[in-house]
Amino acid sequence: MPDTDFFSRVKDVVARIPAGKVTTYGAIAEFCGIRSSARTVGWVLNSLKGSNLPCHRVVNRTGALTGKFHFDDPFLMESLLRSEGIEFGQDERVILERHFWKPE
DNA sequence: AAGCTGACCTCGC
DNA sequence: GGCGAGGCCAGCT
């Protein structure tokens, strides 16, 4: 069964995220042409659960790991990000100014 | 078919 | 930066 165009684009973007960098749902949504519906990106990631894509490198606009509870273990996401050299603030938020990556 | 839900974003206070 | 309200697309009941 073929993937939808939207599904394919999001998948491609997530696969492109380099280690030590993070992107936001909004950036992905904008790159896919659906800036108004970043929620759909979250839905795609839910489908991506089980794939080999680094969905842990996707955070929300404030840098909070909103999707960590959707992983097998809530600590896994933060652990992986820290392992890749990503720094966190005091409120468990990623420092987007240093690690933000936008698809080209 | 209609309505609710969701790993969100933007706007205003 | 935080809180509340509105809006978006797709999937599920």
Side-chain angles (χ1 to χ4, degrees):
Chain A
M1 53 179 293
D3 297 334
T4 64
D5 192 50
F6 177 74
F7 192 91
S8 265
R9 283 196 225 186
V10 175
K11 210 164 58 171
D12 185 54
V13 173
V14 176
R16 274 178 168 179
I17 305 176
K21 295 285 181 181
V22 295
T23 190
T24 67
Y25 300 90
I28 298 174
E30 187 178 62
F31 183 79
C32 296
I34 52 164
R35 179 188 60 183
S36 347
S37 303
R39 283 187 147 192
T40 314
V41 178
W43 162 76
V44 174
L45 263 56
N46 189 22
S47 286
L48 262 49
K49 196 159 50 167
S51 301
N52 301 323
L53 300 177
C55 40
H56 59 268
R57 291 179 192 156
V58 184
V59 299
N60 66 340
R61 202 44 173 158
T62 65
L65 311 182
T66 53
K68 67 175 171 183
F69 288 109
H70 289 260
F71 285 80
D72 296 335
D73 292 319
F75 273 96
L76 183 61
M77 190 171 184
E78 182 180 341
S79 188
L80 287 171
L81 292 175
R82 283 184 186 266
S83 180
E84 293 177 353
I86 294 178
E87 301 174 278
F88 288 79
Q90 296 181 344
D91 289 336
E92 309 264 333
R93 290 197 307 262
V94 179
I95 302 181
L96 294 172
E97 292 183 353
R98 291 182 71 150
H99 306 290
F100 178 71
W101 175 86
K102 188 183 146 111
E104 312 178 72

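Residue numbers begin at 1 in each chain, while the letters A, B, ... track the order of the sequences.
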Euclidean distance, atom CZ of residue Arg93(A) to atom P of dA7(B) [Å, nearest integer]: 20 Å
Touch class at under 4.0 angstrom, heavy-atom based, for Arg61(A) against every strand present: sugar-phosphate
Between NE2 on residue His99(A) and CD1 on residue Ile86(A), distance to nearest 0.5 Å: 6.0 Å
Leu80(A) CG to dA7(B) P, straight-line distance once rounded to whole Å: 19 Å
Nearest-0.5 Å distance that lies between atom CG in Asp91(A) and atom OG1 in Thr62(A): 9.5 Å
Sugar-phosphate only, base, or nothing, as touched by Ile34(A) at under 4.0 Å among non-hydrogen atoms: nothing
Nearest listed nucleotide, side chain of Ser37(A), among dC9(C), dA7(B), dG11(C): dC9(C)
More than 12 heavy atoms from other groups under 6.0 Å of NZ on Lys102(A): no
Phe6(A) CZ - dC9(C) C1' separation (whole Å): 7 Å
Side-chain N,O (Ser36(A)) to OP1/OP2 (dC9(C)) below 4.0 Å: no
Glu78(A) backbone acceptor or donor facing His56(A) side chain under 3.5 Å: no
Candidates dC9(B), dC8(C), dG6(B) - which lies nearest the side chain of His70(A): dG6(B)
Atom-to-atom span, CG of Asp91(A) to P of dG2(C) - whole angstrom: 6 Å
Between CH2 on residue Trp43(A) and OH on residue Tyr25(A), distance to nearest 0.5 Å: 15.0 Å
Interatomic distance, Leu45(A) CG vs dA10(C) P [rounded to whole Å]: 16 Å
Separation of atom CD in Glu30(A) from atom C1' in dG7(C), rounded to whole Å: 17 Å
Length of the line joining Asn46(A):CG and dA7(B):P, which is rounded to integer Å: 7 Å
Nearest-angstrom distance from the residue atom CZ of Arg39(A) to C1' of dC4(B): 11 Å
Nucleotide nearest Thr40(A) (side chain, heavy atoms from C-beta), chosen from dC9(B), dG6(B), dC9(C): dC9(C)
